[in-house]
Amino acid sequence: NGRGRIGKHRKHPGGCGNSGGQHHHRINFDKYHPGYFGKVGMRNFHTIKHGKVIPIINVDKLWSLVTEQTRVWYKEHTEKAPIIDCVRHGYMKVTGK
């Protein structure tokens with residue numbers, strides 16, 4: 001059946017799957033998959049993904065947090081600026097445009 005007599009057709013002659021990556025298949029792994037073995041970076045036990053998410057609002061949208069009445073009043077009285085508590089409205093960071 002085309003296999004010849006000498007090297008028998010065995011099931012997994014080089015080992016199953018990724019076996020031998022650090023031993024008899026070392027050349028292939030080093031050549032085609034550099035950096036496959038080893039560690040990199042810092043471990044973070046119990047990662048909380050949503051802990052780093054911060055709700056942001058842009059500077060030009062800040063006026064949408066105050067009422068229309070306040071907006072009109074400060075349009076006439078330009079010597080003062082309103083104090084807008086962004087955290088009270090649920091925004092933790094104000095970004096520039």
Side-chain angles (χ1 to χ4, degrees):
N1 57 357
R3 304 275 180 196
R5 290 187 307 164
I6 292 150
K8 313 239 180 331
H9 180 226
R10 300 262 156 79
K11 301 242 185 214
H12 301 286
C16 295
N18 288 335
S19 68
Q22 291 181 313
H23 305 285
H24 57 287
H25 292 154
R26 161 75 61 93
I27 291 169
N28 179 283
F29 271 72
D30 287 348
K31 185 174 181 180
Y32 296 109
H33 312 284
Y36 181 82
F37 297 105
K39 301 175 183 176
V40 66
M42 193 168 68
R43 293 185 299 173
N44 187 358
F45 306 110
H46 188 65
T47 307
I48 299 171
K49 296 265 170 71
H50 63 79
K52 293 188 170 79
V53 177
I54 299 172
I56 62 173
I57 188 169
N58 213 322
V59 173
D60 56 349
K61 303 273 190 250
L62 279 179
W63 281 107
S64 65
L65 301 181
V66 297
T67 60
E68 185 68 38
Q69 181 182 349
T70 311
R71 207 174 304 152
V72 170
W73 193 88
Y74 279 105
K75 198 170 191 175
E76 296 164 9
H77 302 83
T78 54
E79 68 276 353
K80 285 185 178 177
I83 296 171
I84 303 170
D85 191 2
C86 296
V87 177
R88 198 181 79 193
H89 293 283
Y91 296 102
M92 307 295 166
K93 184 189 275 192
V94 179
T95 57
K97 196 158 183 199

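Below, each value reflects all heavy atoms present in this structure, side chains not excepted, and no hydrogens, waters or symmetry copies. Here, residue 1 is the first one in the sequence, and each next residue gets the next number. All values derive from a computational prediction rather than experimental measurement.
- Under the rule for a side chain to side chain contact (heavy atoms under 4.5 Å, CB included), Ser19 has no partner lying at least two apart in sequence or in another chain.
- Here the NZ-CD1 distance, from Lys61 to Ile56, works out to 12.0 Å after rounding to the nearest 0.5 Å.
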With a 3.5 Å cut-off and sequence neighbours excluded, list the donor-acceptor pairs that the side chains of residues 86-93 form with protein atoms.
none

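- Listed by first and then second residue, the salt bridge (charged side-chain N to carboxylate O under 4.0 Å, His left out) pairs that reach into residues 24-45 come to none, sequence neighbours excluded.
- Here the straight-line distance linking atom CD1 of Ile84 with atom CG of Leu65 works out to 6.0 Å at 0.5 Å rounding.
- Cluster partners of Val53: none. The rule joins Ile, Leu, Val, Met, Phe, Trp and Tyr whenever side-chain heavy atoms lie under 4.5 Å apart, and it links nothing here.
- Partners of Asp85 according to the salt bridge (Lys or Arg N to Asp or Glu O under 4.0 Å) rule, which considers only residues two or more places apart in sequence or in another chain, do not exist here.
- Residue His25 holds its NE2 atom at 13.5 Å from CD of Gln22, rounded to the nearest 0.5 Å.
- Minimum interatomic distance between Tyr74 and Ala81 (heavy atoms only, all atoms of both residues): CE2-C, 3.8 Å.
- Annotation: ring-ring contact (aromatic ring centres under 6.0 Å, His included) contacts involving residues 38-69, sequence neighbours excluded, are absent.
- Partners of Tyr36 under the side chain to side chain contact (heavy atoms under 4.5 Å, CB included) rule, at least two apart in sequence or in another chain, are Asn18, Phe29, His33.
- Cluster partners of Ile6: none. The rule joins Ile, Leu, Val, Met, Phe, Trp and Tyr whenever side-chain heavy atoms lie under 4.5 Å apart, and it links nothing here.
- Considering every non-hydrogen atom in both Asn44 and Thr47, the closest pair reads O-OG1, 3.1 Å.
- Not counting sequence neighbours, the partners of His77 by the ring-ring contact (aromatic ring centres under 6.0 Å, His included) test are Trp73.
- Listed by first and then second residue, the salt bridge (charged side-chain N to carboxylate O under 4.0 Å, His left out) pairs involving residues 72-83 amount to none (not counting sequence neighbours).
- Taking the side chain to side chain contact (heavy atoms under 4.5 Å, CB included) definition, one finds that Glu68 meets it with Arg71, Val72, sequence neighbours left out.
- Scored by the side chain to side chain contact (heavy atoms under 4.5 Å, CB included) test, Lys97 finds Asn58, Asp60 as partners (sequence neighbours excluded).
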